[in-house]
Structures are given as structure tokens and as C-alpha cells.
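In what follows, a structure is listed as C-alpha cells, so that the remarks can point back to it.
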Amino acid sequence: MTSSAEYKALESKYYMQVVNRMPPVLIRGEGTRVFDNDGISYLDFTAGWAVLNIGHNHPAVTEAIRDQAGKILQMSNLFYTTPQLPLAKIIVDNSHVDRVFFCNSGAEANEGACKVARKWGKLKLDGAYEIITTLDSFHGRTQAMMAATGQPHYQDNWKPLMPGFVNVPYNDVQAIKNAYVKGKTCAVLIEPVQGEGGVNIPSDKYLKEIMDFCHQENILFMLDEVQTGMGRIGTLFGYQQFSGVEPDVMTLAKALGSGAPLGAFTTKEFCSVLEPGDHGSTFGGNALTTAAGAAAAKVLVEENIPSLANETGAYFQGKLKALSEKHGFISEVRGMGLLIAIEMSKEISGTIVSAALQKGLLINAVRPNMIRFMPPLNVSKGEIDEAVEILDQIFTESDN
Ligand SMILES: *Cc1c(COP(=O)(O)O)cnc(C)c1O
């Protein structure tokens, strides 16, 4: 057996050093737990980065992948293939969008959405091409999505940025109206709740007011649901938490493939402007990834997992609020469904994440003073209690 030290030596010699990895070498997962190469188990409150919404190795997903692997893995989209169709139907039947294009990641999904927006601008708005996005957003790491992502850290080393994006403050409708230029702006792209930006929840009216403004100006209202989609914030799609809101364009990835690399951009019929030859992808809609996605989506819908996320999320937030009363440095607990963060008055996220790891809990330092939790949506209350007990111990050590 290869030892963990040997794996780490291979990583440092051969892998591009673009991330500071956490110590464990993880080799297996089951439900909310992962196991490392040394047999140690961890409660995974990162869920493969908000990907494993029905947990690691869900039998329905594993079975679908096994079954599909024995039939056909890949054909060009020039031919009909099957698993992508039931998945597209589940998305359309349970949302307000009408058409789906599958791709391989969140960044690609947003690229596709922006192509729809630019074509919309070309056809309907005298060549308008600019897309308004927000500060502290995250839309991916391609050349265009770095420009869309309103965080200097993702932009500074790669200037000049791709033209055609403007970043304005989040949760500020007026800022969008001010940035809008008739004949230049073609769309707004926004996260219903900002994930990587620190779990920022907008006011109840924010999305509806943007939508109304977009429709008034005939520009596209596009939601990046890569993180909030597939039940994460307590409804199958995040926008369903906000009354009266329906996106013209919606993007998905992360949990869509339940661990298989799968993204999608979706549109309402009226703005389904891409035509044959306008877009494509070799692997997009691949039989293996969409088989996994269809199996996972079926479980999410049939077992009503999003409402479970709502209920368990409220339970978890209640427990975290109790901790915040006990430990004065926790200044805020916020979240929706099972996308939850705590904010602290001290910049100690890194220390807390390392201490949690030592005690068998995986969590994310989303900012130096913020911790994010994104467990599988079918996490049990017992597992939440276990995580809260570990956090209480660590917070007690950090009280002074
Ligand atoms: C993760 C994320 C992306 C990027 O997805 P990738 O699959 O890493 O390209 C885009 N938007 C949001 C909201 C995300 O959370």
C-alpha cells in the first residue's frame, strides 16, 4: 500500500502547486463521512464543495454510473443519446425554464449563459454586449468569468480582463440601475445567495426588483445557481425561495452531477436564441455524467430532499446561534437551507478549520473571519449534533 507520505511526495513533485491542501489523503466516502488513507474518518461538511447534495456514494448514483458504464459512455451530440433527456425533463418540469444545454462545469455554464446574453443583445438591443455582475460574486475561472467575478483576487494577475463585464455592489438594486446603459447592457448575472463571497443573503425584494428592471429594459435576468441549485438552499432551485422571481436564464453545475462533472445553462423559450452551430461541447451532455445527474435529480425530487435541507438547516442554524450566544466572538450566523456561515470578530478561520480537522470535521474558511458549512442535504440531526459538539470545544479554546 502506498503511504500517505508517499502520496504527498508525489503531489509535491508532479502536481501544479495551485492550492494549499489539507493534510488527509481521502480515499473513500459514504453519506456524510469520508475516510483517509490511514483509516481515519471525518464528517464532511464541505460535501465535495457543495457537490454531494445526497451524500458520498449514494447507491442510486453509483448504480446509475455502473449501469451506464456497461452501455455507452460517450457519443457526439450530433446523435441522440438518452440519459441527458430525462435529466433535462426533470429540470424543466420543476422550474420556470424551458430549455437545457449540458456542459461540464459551472464556469462553462456561465460562459454559455453569457453567449445567450450577447446574442440577445445582438438580435434585440442594437448590439448591446455588457453584462452587469456583482462584487464578491463567484462565477468561475475562465478568462471571461474572471471578469464577471467581482473579486480583485481572481482578477489582478490576469489583466487586461475580458471586456464586457461591470461589477457593482451586491444587494443594491440602484447600483444595477446606475450601471445600466441603454444599447450597451444586455443582461444581469447574479447569484441568488452569494456562496464563495461568504454566504451573503440579499433582501427579500432584491431579486424581484432586478427582474422587474431587466424586463422593463428588455435585458436578460440571469441567475447563477451553480451553488444554490439542486436543493442546497432549501428549494430545488434557489430562486424558488424568493417570491415572484423567475430567471430568464439559469445556470447549474456543482451538485447537478452528484460528483460527475456536469453543468448546464438553461433558458426560457423567449430567449432561447442559440441556433445550430452557435454552441457545442464534445463532452457536454455525456452519457455517463448525465446518467449520474438524472439519478441524483430523481432522488432529490422524489424524496423531497430540498425541504429536508430547509428543516435540517433551521435546526443547524438554531444550534449555531446557541453557540454564538455562548462564544462572544461569533458575531453572526446566517444561511439558507444548508448553505450556512458564521462570521467572527477575529480572523481565526484558518485555526478553526485546522482544529476541526484534528477532531474529524471538515469545514471551509470562506473568509479569514468566516466559516462556511455545506454538508450533504441528507445529513442527519445526529451528525449535526456531532459537528456542533466539536465546534463548541474548538470555540471554547478560542474564547480568549
Ligand atoms: C463553484 C461556482 C462556479 C464555478 O464552477 P466550476 O465548476 O468550478 O467552474 C460558478 N458559480 C458559482 C456560484 C459557484 O459557486
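Below, each value reflects all heavy atoms present in this structure, side chains not excepted, and no hydrogens, waters or symmetry copies. We count ligands from 1, going down the list as the structure has it; atoms in each ligand are counted the same way.
- Only the side chain of E191 comes within 4.0 Å of ligand 1, judged by heavy-atom distances.
- Sorted by first and then second residue, the ring-ring contact (aromatic ring centres under 6.0 Å, His included) pairs involving residues 377-400 (not counting sequence neighbours) are H327-F395, F329-F395.
- N57 and E30 share no side-chain donor-acceptor pair at under 3.5 Å.
- The protein non-hydrogen atom at the shortest distance from atom 6 (P) of ligand 1 is G106 N, 3.4 Å.
- Near S105, meaning under 4.0 Å from any of its heavy atoms, are these atoms of ligand 1: 7 (O), 9 (O).
- Only the side chain of N110 comes within contact range of ligand 1, with a heavy atom under 4.0 Å; no backbone atom does.
- Under the ring pair (Phe, Tyr, Trp, His ring centres under 6.0 Å) criterion, Y170 pairs with Y206, not counting sequence neighbours.
- The main-chain N or O of L73 is found under 3.5 Å from a side-chain atom of N286 such that the two form a donor-acceptor pair.
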If you apply the rule side-chain hydrogen bond (donor to acceptor under 3.5 Å, both in side chains), what do you find for N37 with S4, and how did you get there? CA-CA 6 Å; N37 192 47; S4 298; 3.3 Å; yes

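- Considering backbone and side-chain atoms together, A107 places an N or O closer than 3.5 Å to an N or O of ligand 1.
- A side-chain donor-acceptor contact under 3.5 Å links Q174 and N178.
- Every atom of ligand 1 with a heavy atom of Q227 under 4.0 Å away is listed here by number and element: 15 (O).
- Ranking protein heavy atoms by distance to atom 12 (C) of ligand 1, first place goes to F138 O, 3.2 Å.
- Here F165 and H139 keep their ring centres 6.0 angstrom or further from each other.
- Judged by distance alone, the side chains of T228 and E225 do bring a donor and an acceptor atom under 3.5 Å apart.
- The shortest N or O to N or O distance between D224 and ligand 1 is below 3.5 Å.
- Not a single N or O atom of V226, backbone or side chain, sits closer than 3.5 Å to an N or O atom of ligand 1.
- Nearest protein heavy-atom contact of atom 1 (C) of ligand 1 is K254 NZ, 1.5 Å.
- The presence of a protein heavy atom under 4.0 Å from atom 8 (O) of ligand 1 is ruled out.
- In terms of polar-atom proximity, A253 is not counted as a contact of ligand 1, lacking any N or O under 3.5 Å from an N or O of the ligand.
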